[in-house]
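Worksheet: one structure, shown below.
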Amino acid sequence: RLRKWQRRIRVSNATERNLAFALSELDRMASALGLPRNVRETAAVVYRDAVDKNLIRGRSIEGVAAAALYAACRQCSVPRTLDEIAEVSRVSRKEIGRTYRFISRELGLKLLPTSPIDYVPRFCSGLNLKGEVQSRAVEILRQAGERELTSGRGPTGVAAAAIYISSILGGERRTQREVAEVAGVTEVTIRNRYKELAEKLDIEIIL
Amino acid sequence: MNEHRPEESLKIENIVASAKVTDSLDLPSLASRLKDAEYNKKRFPGVVLRMQDPKIAALVFGSGKVVLTGAKSIDSLSRGLQILADQLRALGIDIPENPEYKIQNIVTSADLGTPINLNKIAVGFNLDKIEYEPEQFPGLVYRLDDPKVVVLLFGSGKLIITGGKVPEDAQRAVQRILSELSSLGLI
DNA sequence: GCTTTAAAAAGTAAGCT
DNA sequence: AGCTTACTTTTGAAAGC
């Protein structure tokens, strides 16, 4: 019986040690990305749920932690791309992506794809654009969604294009290069998306 | 030019099949005696053979098993296997008259003829059997249980059906998707 | 899980002129 | 800006790490 006790204590220690490591990893990554406390707490809940359902088997703690953080950002409407999560993790984007799909399915997270609108506040503040420009970008994206101009397109690219357009309409022009930089897409993508949005939403852009 | 009949737009794009043509093969000598052979044991355990007539690529293993990929019809697949068998016979290897083969996967393309809203489809299915991550890939992934295939749906209304064993699997998948989308009022 | 083959879909990316 | 090449996703078998 003493053996059994010791074993339980050993397992318990390992479990606690792993959980502590996971939580410190979540905190480290969240800090590096400047994420608010509610996102860290949400990520911790997702991670604990994954542990309770034995979803860590065969997966690295760091991989599950990164996937949990990615999911938490989306749940809290402050999305980070897989590339951004991967930058502060030692796990590859590919591994985080597959782990995310796995825990998302197993925990029944049912997350709809990220809306381009959720990227607007972060990208606009990164470009020092005022609320008015931000609101106009959101309105453009709302219309774009209804007109099926977002199906299959990357959310960050569409958001970047809408911000590029609204910055011009609002008289606070940002270059494609500047917008591309904060959005993490190429200028070519912004060009393709903004031309499509301007044409189909009948927005006149005078440079 | 465009018939716009979804069920008439089906086109087989690729067929993967496996077969056992003999009990064992000496890959090093086989690779050196066949002109279009490629063999790097360090890189991959099989010999890669490329045919031009039916444009097919064959992977030949030391066990005598073979994998054929690239065929766009069951007929060209059979011809490809015959050509491979003849090439091996020319090397003095005994190969059965009509080697048995099994189709492992058929990739088919199709067109619903109308653009579709992937976001609404994802919501309509309540994300059941569906994966849609436009940040990563523009297509919506839909896994069907019957027929057991995976369908990639695009905003243009075009789609890819893969994982089927017989041509009819793709046909049934398209019919099922058409009825599900229409009953959900998404097409 | 990876390696290799082929193929389509549509978006994004990178290199070169 | 535009063209080319290439990578993302899915599927399946083969032998071996």
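By convention in this document, chain letters (A, B, ...) are assigned in the order of the sequence lines, proteins followed by strands, and residues within each chain are numbered from 1.
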Under 3.5 Å side-chain donor-acceptor pair for Tyr142(B) and Glu180(B) | yes
Given [options], identify the nucleotide with an atom nearest to the side chain of [X].
X         : options                  : answer
Lys94(A)  : dT11(D), dT5(C), dC2(C)  : dC2(C)
Arg191(A) : dA13(D), dT11(D), dA1(D) : dA1(D)
Lys55(B)  : dT11(D), dT3(C), dA7(C)  : dA7(C)
Lys195(A) : dA1(D), dA15(D), dT5(C)  : dA1(D)
Lys65(B)  : dA15(D), dA10(C), dT8(D) : dA15(D)

Gap in Å between the two P atoms, one belonging to dT8(D) and one to dC2(C), rounded =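 11 Å, rounded to whole Å.
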C1'-based separation of dG2(D) from dA9(C) [nearest Å] | 23 Å
Roughly, in whole Å, what's the span from [atom1] in [X] to [atom2] in [N]?
X         : N       : atom1 : atom2 : answer
Arg101(A) : dT8(D)  : CZ    : C1'   : 10 Å
Ile15(B)  : dT11(D) : CD1   : P     : 18 Å
Tyr39(B)  : dA15(D) : OH    : P     : 13 Å

Of Val48(B) and Phe154(B), whose closest DNA chain C nucleotide lies nearer the 5' terminus?
-> Val48(B)
Under a 4.5 Å cut-off applied to non-hydrogen side-chain atoms, are Phe123(A) and Arg174(A) in contact?
->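 Contact flag for Phe123(A)/Arg174(A) side chains = no.
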Do Leu23(A) and Asp27(A) touch side chain to side chain, with heavy atoms closer than 4.5 Å?
->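 No - every pair of side-chain heavy atoms lies 4.5 Å or more apart.
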What do you reckon, is NZ of Lys165(B) surrounded by more than 12 foreign heavy atoms closer than 6.0 Å?
->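 More than 12 heavy atoms, drawn from other residues, nucleotides or ligands, come within 6.0 Å of this atom.
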Taking atom CD of Glu100(B) as the centre, does the number of heavy atoms from other residues, nucleotides or ligands within less than 6.0 Å exceed 12?
-> no
By nearest-nucleotide position on DNA chain D, the 5'-leaning member of Leu152(B) and Gly64(B) is Leu152(B)
Specify the residue among Val16(B) and Phe137(B) whose closest nucleotide of DNA chain D lies further upstream toward the 5′ end.
->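 Nearest-nucleotide comparison on DNA chain D picks Phe137(B).
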Using only side-chain N and O atoms of [X], determine if any of them is under 4.0 Å from OP1 or OP2 of [N].
X         : N       : value
Lys41(B)  : dA15(D) : no
Ser156(B) : dA10(C) : yes
Arg98(A)  : dC2(C)  : yes
Arg43(B)  : dT4(C)  : yes

Output one line per pair: protein atom, nucleotide atom from nucleotides 11-14 of chain C, and distance, for all N/O pairs under 3.5 Å.
residue : atom : partner   : partner atom : Å
dG11(C) : OP1  : Arg153(A) : NE           : 3.4
dG11(C) : OP1  : Arg153(A) : NH2          : 3.3
dT12(C) : OP1  : Gly154(A) : N            : 2.9
dT12(C) : OP2  : Arg193(A) : NE           : 2.9
dT12(C) : OP2  : Arg193(A) : NH2          : 2.9
dA13(C) : OP2  : Thr186(A) : N            : 3.2
dA13(C) : OP2  : Thr186(A) : OG1          : 3.1
dA13(C) : OP2  : Thr189(A) : OG1          : 2.4

Answer yes if Val150(B) and Leu178(B) sit in the same cluster of Ile, Leu, Val, Met, Phe, Trp and Tyr residues linked by side chain heavy atoms under 4.5 Å apart, and no otherwise.
->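 Cluster IDs for Val150(B) and Leu178(B) differ.
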Val141(B) and Leu153(B): same hydrophobic cluster, using ILVMFWY side-chain contacts below 4.5 Å?
-> no
Residues in side chain to side chain contact (heavy atoms under 4.5 Å, CB included) contact with Ala110(B), at least two apart in sequence or another chain = Ser9(B), Leu10(B), Leu159(B), Ile161(B), Val174(B)
Check whether the side chain of Thr162(B) and the base of dT11(D) form a donor-acceptor pair under 3.5 Å.
->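 Indeed there is one.
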